[in-house]
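In the text below, chain A, chain B and the rest are named by the order of the sequence lines, each starting its count at 1.
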Protein chains: 2
Amino acid sequence: MATTSTLTEDQFLLIAKTLADPRRYAILRQILESETATPCSAMRDCVEVSPATLSHHMKELEAAGLIHVQRNGKFVSYTPAAEILKAYVHRLSSDLT
Amino acid sequence: MATTSTLTEDQFLLIAKTLADPRRYAILRQILESETATPCSAMRDCVEVSPATLSHHMKELEAAGLIHVQRNGKFVSYTPAAEILKAYVHRLSSDLT
DNA sequence: CGGTCATTTCGACCGTCATCGAATGATGAC
DNA sequence: GTCATCATTCGATGACGGTCGAAATGACCG
C-alpha cells in the first residue's frame, strides 16, 4: 500500500472516460462513503437504474480498475481501489496544475 | 473573484466529459506547457487533426471553462484557466480520496 | 427436484459526439 | 478591389455507448 501506482496512458484515459458518466461517478462515491464493502443492492437506492444498466456500469468501473469485486454466493459487493484512485488524482494534478 | 472557484455539479460533469477525450486532453496539456498564450496553429503540430475538428474541440474546452481565448486579428490564442483547473482537481481529490 | 431471488448476458434502440469536406466569414497584404 | 490565409460554421456520416426488456445463469432453500 505504500507504493504509488503508475498509470499507463491507456489506463489513464479509460479512467477519465469511466468517471465522466454521472451515474458511475455517483456509484463510485457511494462505494467510497462506506467503511465496509458495499452490496450491489445498495446501489439501487442511491441511483435509479435498471439491474441490467447497473451491472453494465459496475463492469466498466471494474474494467477501469477503480473498484474491487467480492462475490459471496449470489451476492456481490464492491470496495474502492484506493491506490488507483490516488494515482489518478495524482496524475491529473501533476498534469493540470 | 476569490482564489478558489467552486464548481456546480453541471460544471464538474461537463469538465469531466471534456477532459475524457484524448485529443482535447493533449491540447490542454499543450496550452499548459507554454508560459505565453498558445496560438491556434501550434496545436496542429502536436495533434494531427483537421481545422474543423480542432475548432470544435477548442469550443468545447472554452465551454467547459478550461481555457481563455484571445483574438488578435485573424489569429486566435489560448491560455489555461488556472482557477477552474485547480478547482476541478481539488473537487476530484476531495471526492475520491 | 421446483421455485425464488440476485446478477448477468443478449439484443436492440436511440441519443450523443468525434470527424471531416466544403462553404463561409474575417482579416491582412499587395 | 483581389487574393491568400486563418478560423469558424454547416451538414453529413459513422462510431461509440447508455439504456432497458427479456432471457439466461447461478445460488440458496425447502
Flag yes if B:L14 and A:L13 sit in one hydrophobic cluster, no otherwise; membership is Ile, Leu, Val, Met, Phe, Trp, Tyr, and two members link when side-chain heavy atoms are under 4.5 Å apart. no
Phosphate contact (D:dG17 OP1 or OP2) by A:H57 side-chain N/O below 4.0 Å: no
Between NZ of B:K74 and P of C:dA26 the distance, given in whole Å, is 15 Å
Atom-pair distance (CG on A:N72; P on D:dA27), nearest Å: 12 Å
Walking DNA chain D from its 5' end, the first of B:F75 and A:D21 to be reached, judged by nearest nucleotide, is B:F75
Measuring from the side chain of A:C40 (C-beta onward, heavy atoms only), which nucleotide among D:dT9, C:dC20, C:dT7 has the closest atom? C:dT7
Can you name the ring-ring contact (aromatic ring centres under 6.0 Å, His included) partners of B:Y25, sequence neighbours left out? A:F12
Less than 4.0 angstrom between a side-chain N/O of B:T53 and OP1 or OP2 of C:dT19, yes or no? no
Could you tell me whether B:H56 contacts a base, only the sugar-phosphate backbone, or nothing, with contacts defined as non-hydrogen atoms closer than 4.0 Å? base
Going by the rule salt bridge (charged side-chain N to carboxylate O under 4.0 Å, His left out), which residues pair with B:R23 if we only count those two or more places apart in sequence or in a different chain? none
Would you find a donor on one side and an acceptor on the other, under 3.5 Å apart, between the side chain of B:E33 and the backbone of B:Q30? no
Please tell me if the side chains of A:M43 and A:Y78 come closer than 4.5 Å, counting only heavy atoms from C-beta onward. yes
Could you give the CG-to-C1' distance, from A:L54 to D:dG21, as a whole number of Å? 16 Å
Contact class for B:R71 vs. all strands (heavy atom < 4.0 Å): base, sugar-phosphate, or nothing? sugar-phosphate
Please give, in whole Å, the distance from D:dG18 C1' to A:M58 CE? 16 Å
Nearest whole Å is fine: how far is D:dG18 C1' from A:E48 CD? 16 Å
Enter the inter-axis angle for the ends of the helix from C:dC1-D:dG30 to C:dC30-D:dG1 (five pairs per end, rounded to 10°). 20°
Grab the CD-P distance between B:Q70 and D:dA7 for me, whole Å please. 14 Å
Rounded distance in Å - NZ (B:K59) to P (D:dC10): 7 Å
Grab the CG-P distance between A:L19 and D:dG17 for me, whole Å please. 15 Å
If only side-chain N and O atoms of A:R44 are considered, is one of them under 4.0 Å from the OP1 or OP2 phosphate oxygen of C:dA6? no
When you measure from the side-chain N and O atoms of A:R24 to the phosphate of D:dT19, is any distance below 4.0 Å, counting only OP1 and OP2? no
Report the C-alpha separation of A:I67 and A:M58 in whole Å, then their side-chain angles, then the decisive distance to 0.1 Å, and conclude whether the side-chain contact (heavy atoms from CB on, under 4.5 Å) test is met. CA-CA 8 Å; A:I67 58 175; A:M58 301 318 295; 3.8 Å; yes
Closest listed nucleotide, where the reference is the side chain of A:S50 and the choices are C:dT8, D:dG21, C:dT19: D:dG21
Side-chain heavy-atom pair B:P80, B:L85 within 4.5 angstrom cut-off: yes
Among D:dC10, D:dG17, D:dA22, which nucleotide has an atom closest to any side-chain atom of A:A52? D:dA22
Do A:R44 and A:P51 touch side chain to side chain, with heavy atoms closer than 4.5 Å? yes
